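Beneath this line is the structure, given in structure tokens, with notes to follow.
Note that the structure is a prediction, hence the values are computed from the model and not measured. Each chain gets a letter, A, B and so on, in the order the sequences are listed, and its residues count up from 1.
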Number of protein chains: 2
Amino acid sequence: MPKRRILPYVLLGLINNKGKLSGYQISQEFKNEVGEFWHASHSQIYPELARMKTDGWLTDEDDGKSTYYLITKLGQSTLRAWLAEPLNDDNLFSLKLYFIRDQKDPLMEHLLTQELAINQDKYAHLKKRLETVFFNEAQINENYGHYLILTRAIEREKNHIAWLQNNLKGLV
Amino acid sequence: MPKRRILPYVLLGLINNKGKLSGYQISQEFKNEVGEFWHASHSQIYPELARMKTDGWLTDEDDGKSTYYLITKLGQSTLRAWLAEPLNDDNLFSLKLYFIRDQKDPLMEHLLTQELAINQDKYAHLKKRLETVFFNEAQINENYGHYLILTRAIEREKNHIAWLQNNLKGLV
DNA sequence: TCACCCATGTAAGGCGTTACATGATTGC
DNA sequence: GCAATCATGTAACGCCTTACATGGGTGA
């Protein structure tokens, strides 16, 4: 999976969620929940906002103290196209979910379904690795840390899958 | 937290675990479990190994087909110093744990204890955020994705904390 | 013989960080 | 008055990725 550029979409998402934001406000946003999944410093944010305005994804509004950015129609469709893109292994699930505000938004189910498939694969893969690598007690004792993180990863996937299935049921 | 350079320590850890590895073998290692927590391409690995040899962390051994690297005493102490460093918020818990082979290694308990403290803080912080941001039904319905990832994050921390506590008990 | 894996290397470029800068406003 | 926060910007630099290169071995 080629490394894709994420920051502009994150900015779109944030601005879309809040209506309008200044560069400074965006940098503050990263101190809250979004910061768990993405971060950017102001030295990235300001030039990026300018570029996105040039591209017609944003417009701005200056009150003399701050420049606030608002999302355009083009920006909105760009954001939704990005949210609809298939999830790779790039761990964008939580980040994208953060930007979906309405429970009935079809993108919500779309995202959960994709993530479920990915995690079921991962789970199967990890279980197979466990069997392959730790086929007896000696292997476990000689690589205990490895054993721990593998069993932990399996547990984590299991919980995540259960949560996804639960929430998918809840959407119907 | 200043971004620190991790790759050399990962290479030390891998070589220490396996006894000796070639650059190519290391790049293959990243396709397995370590790859969950760290990755490097061969264009990084080869020069880095050369640098580490210059620094006296590794020695090499050539069989005509491949160059194998072995860890030196200095390399071992460097690795252990890195493993003992306090965990920041840089998510190195699983990676470091992978490199600890012996259940009775004091670093094992050290790591688990640190991670537990970090996650208890995170858990408390997330619960407070939930109360602050989602104080009524309207907030939830208007930002459902945000609500989902926040409650999910809380669940995840809870499970992780329980697992850590369990394993810490098991070590005694 | 042709594709694929083994095996190692250099070069260009992008993303993101820290550091360097500047100035206004607000609270103690 | 002085520190902290608001607010925005540029510059240097490092890590990592992709792309470019090269060559030997092996199985269909």
Side-chain angles (χ1 to χ4, degrees), chain A residues 1-12 14-15 18 20-32 34-55 58-70 82 88-92 95, chain B residues 1-12 14-15 18 20-32 34-55 58-70 82 88-92 95:
Chain A
M1 50 206 134
K3 257 277 167 71
R4 299 200 47 273
R5 202 170 153 59
I6 313 292
L7 180 61
Y9 303 104
V10 176
L11 300 185
L12 279 181
L14 286 171
I15 292 169
K18 303 281 176 174
K20 69 178 174 186
L21 287 174
S22 67
Y24 184 80
Q25 285 176 320
I26 289 172
S27 72
Q28 299 306 301
E29 284 290 313
F30 286 116
K31 290 180 181 163
N32 296 332
V34 221
E36 283 279 311
F37 311 109
W38 204 263
H39 183 265
S41 44
H42 77 274
S43 60
Q44 265 188 292
I45 294 168
Y46 290 113
E48 189 64 51
L49 288 171
R51 246 170 282 151
M52 291 165 75
K53 192 194 157 191
T54 313
D55 291 348
L58 301 174
T59 50
D60 58 354
E61 198 178 81
D62 199 306
D63 72 350
K65 286 185 78 172
S66 297
T67 306
Y68 295 92
Y69 290 88
L70 297 92
W82 177 70
N88 303 319
D89 240 348
D90 36 17
N91 262 31
L92 295 181
L95 182 64
Chain B
M1 52 213 131
K3 256 281 168 69
R4 297 200 51 270
R5 202 170 152 59
I6 313 292
L7 180 60
Y9 302 104
V10 177
L11 300 184
L12 278 182
L14 286 171
I15 292 170
K18 303 280 175 175
K20 70 178 175 187
L21 287 173
S22 67
Y24 184 79
Q25 285 176 321
I26 289 172
S27 72
Q28 299 306 301
E29 283 290 313
F30 286 116
K31 290 180 180 162
N32 296 332
V34 221
E36 284 277 312
F37 311 109
W38 203 263
H39 184 265
S41 44
H42 77 273
S43 61
Q44 263 189 293
I45 294 169
Y46 290 112
E48 189 65 49
L49 289 170
R51 245 171 282 151
M52 289 165 76
K53 192 193 158 195
T54 312
D55 291 348
L58 302 173
T59 51
D60 58 354
E61 199 179 79
D62 199 305
D63 71 350
K65 285 185 78 174
S66 295
T67 306
Y68 296 92
Y69 289 88
L70 297 92
W82 177 70
N88 302 319
D89 241 347
D90 34 20
N91 262 31
L92 295 180
L95 181 64

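Rounded to whole Å, atom P of dC15(D) lies 10 Å from atom CG of Leu7(B). Between Arg5(B) atom CZ and dG16(C) atom P the separation is 19 Å, expressed in whole Å. Taking atom NZ of Lys31(A) as the reference point, atom P of dC6(D) lies 7 Å away to the nearest angstrom. Rounded to an integer number of Å, the gap from CD of Gln28(B) to C1' of dT8(C) is 13 Å. Protein atom CZ of Arg51(B) is 10 Å distant from nucleotide atom P of dC16(D), rounded to whole Å. The NZ-P distance, from Lys20(A) to dA7(D), rounds to 13 Å in whole Å. In this entry the distance linking CD1 of Ile26(A) with C1' of dT8(D) reads 13 Å, nearest Å. Atom-to-atom, NE2 of His39(B) to P of dC15(D) comes out at 18 Å; the value is rounded to the nearest Å.
Within the 4.5 Å cutoff, side-chain heavy atoms of Val10(B) are placed close to those of Leu95(B). The closest side-chain heavy-atom distance from Lys18(B) to Gln25(B) is not below 4.5 Å.
Taking CD of Glu48(A) as the start and OH of Tyr69(A) as the end, the distance is 11.0 Å to the nearest 0.5 Å. If you take CG on Leu11(B) and CH2 on Trp38(B), they are separated by 10.5 Å, rounding to the nearest 0.5 Å.
In this structure, the side chain of Asp55(B) does not engage the main chain of Lys53(B) through any donor-acceptor pair within 3.5 Å. Remark: the backbone N or O of Asp62(B) is not paired with any side-chain donor or acceptor of Ser66(B) at under 3.5 angstrom. Proximity of a side-chain donor or acceptor of Tyr46(A) to a complementary backbone N or O of Tyr24(A) within less than 3.5 Å is detected. Of the possible donor and acceptor atoms, none in the side chain of Asn88(B) sits under 3.5 Å from a partner among the backbone N and O of Asp90(B).
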Exercise. Would you please test Phe30(A) and Ile45(A) for side chain to side chain contact (heavy atoms under 4.5 Å, CB included) and show each step?
Key: CA-CA 11 Å; Phe30(A) 286 116; Ile45(A) 294 168; 4.0 Å; yes

Practice problem: Using the side chain to side chain donor-acceptor pair (under 3.5 Å) rule, take Thr67(B) and Asp60(B) through it: C-alpha gap first, then chi angles, then the decisive distance, then the call. | Solution: CA-CA 6 Å; Thr67(B) 306; Asp60(B) 58 354; 5.6 Å; no

Quiz prompt | Criterion side chain to side chain contact (heavy atoms under 4.5 Å, CB included) on Glu61(B) and Leu70(B), from CA distance to verdict | solution = CA-CA 8 Å; Glu61(B) 199 179 79; Leu70(B) 297 92; 3.8 Å; yes

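Fit an axis to the five pairs at each end of the helix from dT1(C)-dA28(D) to dC28(C)-dG1(D) and the two axes sit 30° apart, to the nearest 10 degrees.
Near DNA chain D, defined here as any heavy-atom distance below 4.0 Å, the residues from residues 40-49 of chain B are Ser41(B), Ser43(B), Gln44(B), listed numerically. Of all the residues in residues 60-70 of chain B, Lys65(B), Ser66(B), Thr67(B) reach under 4.0 Å from DNA chain C with at least one non-hydrogen atom.
Nearest to the side-chain atoms of Ser22(B) among the listed nucleotides dC15(C), dA7(D), dT8(C) stands dT8(C).
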